[in-house]
Structure formats: structure tokens, C-alpha cells
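In what follows, a single structure is set out as C-alpha cells and then discussed.
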Amino acid sequence: MPIPPDEPVLAQLWRRFQSGDERAFDKLAELRYRLLFNYATRFTKNRDVIKDCIQDLFLELWERREKLVETPYVTIYLVKALRNNLLRKLRQEKSLGETDEWDKEGLTDEMTIERELIAAELLNEQAQNIRRAIEQLPPRQQEVVFLKFYEGLSNEEIAQIMDIERQTVANFLYRALSQMKHFLPSFILLVLLPILFSLCFA
Amino acid sequence: MKDYTNYTTSDFILDDSFRRWVLKNTPTDHDFWVEWIKQNPGQAENVTIAQQFIHSMHQAHELVTEDEIKIELNRLSEARSPKEITFIPLLNRITYWKQAVAAVIVIGLVGFLYTVLKTNLTSPAAYELRKSEWGEQLVEIDNKGTAQKIITLPDGSLVTLYPKSRLSYPKTFVTSQRTVNLSGAAFFNVTKNPKRPFLVYANELVTKVLGTSFTVRAFDKDAKVEVIVKTGKVSVFSAKDANAETNTPALTGLILTPNQQVVFDRKALNMTKTLVGLPAPVIAPEEQKSTFTFINTPVNEAFEKLSNAYGVTIVHDPAVLKGCEISAEFTDESFYEQLDLICKAIDARYEVANAQIVIYSKGCSNN
């Protein structure tokens, strides 16, 4: 798998923090926090759970820094580690009979409002439309769309993170985009339809 | 090297290198694509459409604010290396306080009324009732579109009306007060006029201000009524009280200053006031450095400074704390972290009660 050009910088920070460089560690967290947070919103809408999961992830990395392997592709490592932690945490909550985070109905109104307010503050109208369309998708399709268009990953990289076949990624992507077209205004459709067409023959 | 000459918009969107250029602008991708576009001007339109699409898709996933990230990164570095308690070096620390903007959130929880509104569609909502009570001389703006609408009120105040929201107000405000009636969500930037209070009626809450900026969200279908204050001081009370005391200059109700919030329970019909989870300073950033630097400062004075900086009352007994001093430089500690550190240093503790901080201490015996 080819390593994207911005990754060597992260790999270097990774090596420095492994040898105990606190500033390198902070810098790494700073560079990838936004990605990890937004990625985690595909799994749970509970912002406090997300924040705690990311804190735990980084603290664990810091404490285990000497035992960590070197990785040429830090972003994939972090995303995959966070994914595992989130899934584990949500499974635990489910087995404890706490709210089912996968289920949108389980959302409290407060969380919905908080999310809406933040979205209204951050997003323009078109992005808000797309966001709402994305939220209609099943979780794994949302995840593929996120990794593809937020972080710009290739199908191969997405397959590695999600532990699925590359073809499955392509299928998820196709299904996600075809479902999204029902919820989007026509000007976005003009772009979306040809993509679907080319995905069919990909 | 791939041949991109015959690429369509969607080919570009699905191309890994193209997406990486648009999303991350890494130097290698950047150099390649800038050069490529220069040589293929005929593809400019496809490239632009593809860029816009990727940007929108990226942006649609943005659900975290800059401030939240800073708070979390700060929490992380604190947790990574626990610090000394009374002395915190200023060097190499990035302060994350942005502006002295504090949010006051007023939330009304739904009770039975929600069910009533849902099942009995013929019952007029509070907005309609009020509109008919206020009579004919009303201007009504109904934002049925998908974009926000900016409205200038007769007194020069600005209202940003959100989609699916309605606002009605008198053609001319009476001399004693300015009242508007809202259904849905709006941001208000109210011109200062202490003699003519500004009142926003929204479902069962009334928000009264003298001059400030704030948002009200009160959709009939929604479970809650919210008031989010950016600046200034507002008072919030139930619409019933407002009707009864309409002519009293000083309306009763809860006064909210920055960093306080109110929860309105629509079933129990009561309001409780607490502090927000993460109080933000209300003074200008340039003042903060001198405010939060304590060198053998009497603790009484430190509490007073903190209290002013966050607009939060700190109840303490000056006589008991007379001999206590503190040396500390706070840069990016939160309000509660600062309280924790000060209390630890003087062997005191604090409680949050009734939207105030209460300090418990036996004094400092070693002084």
C-alpha cells in the first residue's frame, strides 16, 4: 500500500514520542484529533463518550510508548485503534443494558440539539444537506463515506481499517451514494449520478 | 503516470491523488495538480466541480469546534504529565482562551404538553394565541425558505431568523418596552436601551434583555425551549408570570449572567439555575494574563479576581482566609481547575450550590 506524502511527518513524530518526547506526542494528538473525533461520530452521537475514548486511546499510547511498534502509516494505526476501542466500549454498554448507541432512537434530545447547534455553527447549507443525507445511511456505509471523502483514503486503506474486502468497500460506497441521492437537492445530484455510473464499471 | 486528459468530474472525485490534493494539499500532490491544470485548461470546469463536491462532503462531517479540541488536547497533556500544585510555569504553554464569550443555555424540558401538541393538532400553539392577543398592528415574517433571513426591527435591533421560523412584532414599539413573538429559532442582536427592555416570547418562556446578543430556539414540535446568550445579562421567566406583571418595570424571574444556565421543566413548571459545565472567562484575553498571575497574593483577592473574570459568585469568609496566600500562574487551566489548585494549596474545598461557588476552609494556620 503506498504511503501518502503527509504521513512521513507523522511517522517521525511517532518515533520521537516513542522515545519520550512529550512535545512530539502533543503535536501528534493535535494533528489527528479532529479526524479522530469526526470519525467517532459515525459510531456514537454521545460527545462525552467520544472525548473519553480519544483521551483513553492517546493516554494508552503514551503509557505503552516503549512497547509500541514503529508504524509507517500512523493515521491508519490511530483510526483502527480508535475503531476497536469504540466498538469494544459500545459492546460493553450494550451488554450492560445501557443505551444502544447504534440506535438513533436512543439519542437524548439534548444530544440532538447540541449536535444541531454545532452543525448550524460550522456548516454551510449544502454541507448540512449532505450531513442529513449521510445520517440516513447504515453505520458501516457512513464509515466508508467518511473515510473516503473526509480523509480521502483509498478503498484499499478503508478495507484495512474496517477489516473487510476491498470489493465490499466499493459495494458499500455504491450503496451509500445511491441512497444519498434520494435526500439531496438536485444540484448535488448532478455530480452524484455520474459517480454512481462510473462506480458500476469500476 | 495516469492519463487524466479524458477524466470526468466523477473520475476526479474517485481518484485518490486528486482527493488527497483537495483535502490535504500535500506538496507533491499540489505541485502535480497545479501543473496538470495549467496544461489542461479544458478540464478546468470538471476540476472545479469535483473540488467543490469533495469540499462539501468533507465539510459535512465536521462536528467538532476549535475550542472543544483545544480543551481536550489540554486535558490530554494534563493527564499525561501531572503538574506541581501551586506553581505552574508559563513557558511554552499555549493559552486557549479565545474570546470572552460565555454561553448561557436555558433549556426547557418537555412534559405532557408535547404529547398534547402532537395528538391535538387543532389546539393553537402559544405563538398563534399570542399573535391574536397582540392584535392587528403586527408585522409577521415567516421564513419558509432554507436560508437564514436577516430582519431589522423598528428599534434597529437585528434578528437572524432561521428556516421554518416565524417572528411577529408591532409596527412600532411602544415607549415602555419592545416585545417580539417567536416560533422557531432566531439570533437576536439587541440595541442597547436600558429604559426599554426587549422581550422575546417563545412558547412558555420569556427572555428579557436590556441590550445583548442571544439565540432563542422554540419550535412547537421540539421537546425543549432554549435560550443561548452570547453576551450580557438576561432574565428568563415563564410566560404566565410575564402576563401578570406586564407593567412592572423589573420583571421577576431568573437572572442569568454568563456561565449560568437554567433548566425549565415543562411538566413540573419550575426552573432551576446551575453553572454551565465549563465556564469561560468573560474578560478580554489581554486582561487574562495579569488577572491569573498570583504572586504571594492574598487568597481573598485571588477569589475576587476569579469571580470577576468568570462572572461567577464565589462565597468565602474573608476573615477566615485572611492569612492565606497563593502563588500561581494560570494559563490554560479551566475555571474549576483553578479553583481546585487554589483550594489544594490552602487546604480548603469548594462546593457548587445555587449557581455559586462556596469555599469551605479552616484558615491557614502556618501564616
Side-chain angles (χ1 to χ4, degrees), chain A residues 2 4-6 22-23 25-26 29-30 33-34 37-39 41-42 47 50-51 54-55 58-59 62 109-110 113 115 117-134 145-146 148-155 185 188 190-199 202, chain B residues 8-11 13-14 16-30 49-50 52-66 68-77 79-81 92 94 105 107 109-110 146-148 162-163 185 215 217 222-224 226 228:
Chain A
D6 55 333
E22 298 184 349
R23 297 246 241 134
F25 177 79
D26 288 352
E30 190 191 322
Y33 195 94
R34 185 178 286 280
F37 188 101
N38 287 323
Y39 174 65
T41 60
R42 301 303 105 203
R47 307 174 73 81
I50 294 175
K51 287 172 185 169
I54 301 178
Q55 289 283 328
F58 276 110
L59 287 179
W62 178 250
D109 296 319
E110 234 163 304
I113 287 172
R115 220 153 35 95
L117 284 175
I118 289 168
E121 195 181 304
L122 294 173
L123 309 181
N124 63 27
E125 204 184 324
Q126 182 175 343
Q128 287 205 49
N129 282 330
I130 296 178
R131 188 180 70 88
R132 279 190 281 267
I134 290 170
V145 170
F146 178 88
K148 188 89 181 169
F149 293 106
Y150 184 88
E151 183 58 12
L153 298 184
S154 67
N155 288 5
I188 304 174
L190 288 176
V191 180
L192 204 54
L193 290 176
I195 303 181
L196 285 175
F197 186 73
S198 49
L199 273 174
Chain B
T8 62
T9 309
S10 39
D11 293 331
I13 289 168
L14 293 170
D16 295 336
S17 159
F18 185 85
R19 277 202 316 284
R20 222 165 41 217
W21 167 55
V22 176
L23 292 170
K24 300 185 175 175
N25 202 15
T26 45
T28 28
D29 296 312
H30 175 83
I49 296 172
Q52 277 171 356
F53 179 81
I54 295 170
H55 273 307
S56 300
M57 288 289 274
H58 173 86
Q59 219 217 335
H61 289 97
E62 199 56 73
L63 275 173
V64 60
T65 61
E66 204 62 48
E68 272 182 298
I69 294 181
K70 279 180 182 158
I71 289 165
E72 284 304 299
L73 288 174
N74 187 50
R75 182 157 81 102
L76 180 65
S77 75
R80 190 207 59 217
S81 52
N92 303 329
I94 307 148
I105 300 167
I107 296 167
L109 293 173
V110 102
T146 51
Q148 300 172 359
Y162 286 72
T215 306
R217 283 173 70 91
D222 269 5
K224 292 172 185 181
E226 298 185 303
I228 300 134

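Labels below follow one simple rule: chain letters A, B, ... track the order of the sequence lines, proteins then strands, and each chain is numbered from 1. Given the structure is predicted, the values throughout are model-derived calculations rather than measurements.
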> What part of F146(A) is in contact with chain B, defined as an atom under 4.5 angstrom from a non-hydrogen atom: side chain, backbone, both or neither?
Replying inline: both

>> Show the nearest heavy-atom pair for residues F37(A) and L63(B), with the distance to one decimal.
In response: CE2-O, 3.6 Å

> Looking only at heavy atoms, which two atoms of V64(B) and R34(A) are closest? And how far apart?
Replying inline: O-NH1, 3.3 Å

>> Can you give me the closest heavy-atom contact between S56(B) and A127(A), atom names plus distance?
In response: O-CB, 4.1 Å

> Which atom pair, heavy atoms only, marks the closest approach of L59(A) to A79(B)?
Replying inline: CD1-CB, 3.7 Å

> What's the shortest heavy-atom distance between R75(B) and Q55(A), and which atoms?
Replying inline: NH2-CG, 3.2 Å

> Between I49(B), T9(B), T28(B), T146(B), which shows the greatest number of heavy-atom pairs under 4.5 Å with chain A?
Replying inline: T146(B)

>> Between T8(B) and chain A, with a heavy-atom cut-off of 4.5 Å, which part of the residue counts as in contact: side chain, backbone, both or neither?
In response: neither

>> Check the orientation of H61(B) and Y150(A). Use parallel for under 30°, tilted for 30 to 60°, and perpendicular for over 60°.
In response: perpendicular

> Do side-chain atoms of R19(B) reach the backbone of K148(A) as a donor and acceptor pair under 3.5 angstrom?
Replying inline: yes

> CZ/R131(A) to CE/M57(B) distance, rounded to the nearest 0.5 angstrom?
Replying inline: 13.5 Å

> For the atom pair CD (E72(B)) and CD (E30(A)), what is the distance rounded to the nearest 0.5 Å?
Replying inline: 14.0 Å

> Is there side-chain contact between F149(A) and I13(B), with at least one heavy-atom pair below 4.5 Å?
Replying inline: yes

> With only heavy atoms counted, which part of F25(A) is less than 4.5 Å from chain B, the side chain, the backbone, both or neither?
Replying inline: side chain

>> Under a 4.5 Å cutoff for heavy-atom pairs, which residue among V22(B), D29(B), T26(B) has the most contacts with chain A?
In response: T26(B)

> Distance from Q59(B) atom CD to N38(A) atom CG, nearest 0.5 Å?
Replying inline: 11.0 Å

> At a heavy-atom separation under 4.5 Å, does L23(B) approach chain A through its side chain, its backbone, both, or neither?
Replying inline: side chain

>> Between R80(B) and D26(A), does the side-chain contact (heavy atoms from CB on, under 4.5 Å) criterion hold? Intermediate values first, please.
In response: CA-CA 10 Å; R80(B) 190 207 59 217; D26(A) 288 352; 2.5 Å; yes

>> Report which part of I50(A) has an atom under 4.5 Å of a heavy atom belonging to chain B: side chain, backbone, both, or neither.
In response: neither

> Measuring from W62(A):CH2 to S77(B):OG, what's the distance to the nearest 0.5 Å?
Replying inline: 11.0 Å

